[in-house]
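Each remark here refers to the structure printed beneath this line.
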Amino acid sequence: MAEHHAHDHEGYWKATLGLVRNILIVWFVVSYGLGIILAPALNGIKIGGYPLGFWFAQQGSIYVFVALIFIYAKLMGKIDEKFDVHED
Amino acid sequence: MSLQTITYIIVGLTFALYIGIAIWARAGSTKEFYVAGGGVHPVLNGMATGADWMSAASFISMAGLIAAMGYGGGLFLMGWTGGYVLLAMLLAPYLRKFGKFTVPQFFGSRYYSQGASTVAVLCLLMASVTYIIGQMTGVGVAFSRFLGVSNTMGIIVGMAIVFVYAVFGGMKGITYTQVAQYCVLIIAYTVPAIFISLHLTGNPLPQLGLGSDLVGTTTPLLEKLDQISMELGFAQYTTTPRLSYFNMFVYTVSLMIGTAGLPHVIVRFFTVPKVKDARSSAGWALVFIALLYTTAPAVAAMAKINLLKTIHPGIMQGSDVFAPEAQIKYDERPDWMKRWEVTGLLKFNDKNGDGRIQYYNDKNKTFAEKAKAAGWAGNELSVNRDIMVLANPEIAMLPNWVIALVAAGGLAAALSTAAGLLLAISSAISHDLLKEKFMPDLSEKGELLAGKIAMACSIMVAGYLGLNPPDFAAGTVAIAFGLAASSIFPALMMGIFSKTMNKQGAIAGMLAGIGVTMLYVFAHKGIFFIKGTSFLGLFGGKPNFFFGIEPNAFGAIGAVVNFIVAFAVKNMTAPVPDEIAQLVEAVRIPKGSKEIGGAH
């Protein structure tokens with residue numbers, strides 16, 4: 001435990017929570033926002049043969065979820081290194 | 001070669017493969033039995049997680065439900081994938097750092113009490129057993145069709161095979177077997193989808209085919225589907241939410257946080273070497289899951305078109321659906337209908353005695369009147385939604401080997417998940433309950449034996465209830481997610497993100513959350529899903545009485561109750577000990593997961 005106190009745990013946790021919050025905002029907007037709440041309005045717009053709200057609910061949100069996890073993993077890795085808490 | 005022979009050969013070959021792998025990677029110790037020795041590559045772990053996760057509900061049942069629900073079916077797609085974002089960010093890395101084998105162990109340490117661990121075990125058992133009921137429903141569908149027997153017989157055969165299979169290997173065997181099962185199930189799912197997409201739209205990618213024009217026309221597939229659905233009295237396909245937008249929202253929340261609270265998925269992230277790997281492993285799992293989940297909407301819409309087209313052959317050309325000659329004669333029905341009639345999951349009842357099949361929505365009042373005028377006496381074809389995916393290649397008249405492949409895929413999906421769940425159940429009972437609480441002197445051998453007995457009992461219970469399932473496979477599974485969402489997820493979250501949450505708060509929260517959820521579900525579906533014991537009358541007799549939310553979606557409300565009760569109780573009881581606050585601090589930092597790893 002002793003060596004851990006040398007690090008800025010508070011700063012690390014704050015940076016982590018900030019990243020998590022940003023990702024959660026995108027996650028919410030894409031699925032619940034565009035896929036459900038705004039879907040009726042978006043359905044007037046067509047991309048290809050897809051009504052847009054339908055597309056977000058059945059395709060688009062899934063692609064965004066995949067991207068979000070990898071973006072999170074990458075940025076989190078950077079935060080780990082910045083605060084020197086990464087594993088070797 | 002006949003379809004039956006080809007099916008036996010393909011299913012036989014895949015089973016031989018799984019058994020071969022299970023023998024090759026047989027578990028030697030309890031550590032290997034539970035976490036596969038802790039050295040699985042993140043991409044392979046992702047594939048195994050995908051197979052573990054994608055159950056009979058995803059493979060067999062989901063597309064059928066989407067076909068019936070249309071746009072509203074998106075709640076399954078978003079709910080069962082969006083939870084991985086939560087899992088990757090909020091739970092997986094911290095639980096990996098914590099370094100325990102099972103979720104109840106985490107509760108035992110973080111909430112410094114065996115009581116918290118025991119409550120977690122009970123919640124976990126409730127959710128997992130419900131989940132297995134859903135699997136058994138799916139296994140029954142797959143085996144009854146595959147062996148040409150009744151649905152009941154299918155479930156009994158399935159119970160026997162799942163038992164032999166799960167008891168064999170433990171986690172190590174299961175991880176590598178599941179990689180093979182993932183390959184089988186994803187090929188089995190996408191190959192027919194590609195064929196059908198090519199056939200209907202000329203586009204080989206189902207994800208794009210769903211948004212393309214029908215072959216030889218300038219009409220988008222989805223627009224045509226909207227139109228022909230309404231011609232038969234069904235709701236417009238691309239715009240109809242599930243009951244209401246609010247219900248759909250709550251349902252999606254319930255599935256997402258349930259995903260992040262299901263122990264058999266969480267435990268996968270203990271099997272990678274580092275915290276870093278736990279984060280990206282969730283991403284890899286979702287990549288492999290997304291392959292199936294983005295194909296499913298195409299399978300759903302295309303299956304629906306093909307089904308309507310089979311029964312009402314003129315419907316695509318826009319001929320009058322009420323014309324006397326517009327429906328197929330029962331005597332001239334295609335072979336696939338005959339094959340599914342044997343299972344009892346497809347039924348024809350010639351209500352108006354004209355020898356033709358009328359398939360339409362007789363619940364739609366205005367449409368029913370028009371139908372009556374045309375001499376129709378009600379919908380005559382009942383199609384169990386769970387057969388849609390398995391019947392799909394037959395409906396589209398694909399080659400026999402494709403049909404056989406789908407049967408193999410369905411069995412792979414159901415078996416892999418049932419095995420993963422049984423493992424979670426057996427470790428909860430043998431390790432977390434017996435070894436930790438009641439019989440600390442239990443030997444490794446005794447522990448394994450107790451685990452296997454627990455597996456056998458849960459298969460019996462699940463099989464029995466699977467004969468009288470509370471819902472379609474995917475619906476039953478959704479209930480299991482609701483139970484996990486209302487109990488495990490909030491307590492895990494608070495354990496990591498709140499340094500002040502104490503044991504009293506966590507225990508009270510879990511009990512209140514799962515209690516409220518079970519009350520609502522049982523009021524609709526019967527006490528422990530036993531037919532005839534529902535008690536809606538107590539609440540005024542109206543289904544979905546709480547703001548129109550259906551029981552399958554109620555886990556999200558249970559989770560809110562959990563959080564509220566937990567914080568209220570915490571504020572009234574003794575604060576957490578200092579060493580627990582320090583423990584939480586340490587869990588948040590990735591460094592040093594190796595030293596903590598592999599407790600006990």
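All values reported here derive from a predicted model rather than from experimental measurement. Lettering follows sequence order; numbering is per chain, from 1.
By the 4.5 Å heavy-atom criterion applied to side chains, Thr252(B) and Ile36(A) are counted as neighbours. Counting heavy atoms from C-beta outward, Asp84(A) and Lys591(B) have side chains that approach closer than 4.5 Å.
Considering Val64(A), Ile62(A), Val66(A) as possible partners of Thr81(B), the one that fulfils the side-chain contact (heavy atoms from CB on, under 4.5 Å) test is Ile62(A).
Heavy atoms of Leu86(B) lying under 4.5 Å from chain A belong exclusively to its side chain. At a 4.5 Å heavy-atom cutoff, Pro241(B) makes no contact with chain A through either its backbone or its side chain. Heavy atoms closer than 4.5 Å to chain A are found in both the backbone and the side chain of Leu286(B). Heavy-atom distances place the side chain of Ser61(A), and not its backbone, under 4.5 Å from chain B. Ile37(A) touches chain B through its side chain: at least one heavy atom from C-beta onward sits under 4.5 Å away, while N, CA, C and O do not. In this structure, chain A has no heavy atom under 4.5 Å from any part of Leu75(B). When heavy atoms are compared at a cutoff of 4.5 Å, Gln207(B) approaches chain A by way of both its backbone and its side chain.
One finds the CG atom of Leu222(B) at 8.5 Å from the CD atom of Gln58(A) (value rounded to the nearest 0.5 Å).
A pairwise comparison of heavy atoms in Phe70(A) and Ser280(B) identifies CE2-O, 4.2 Å as the closest pair.
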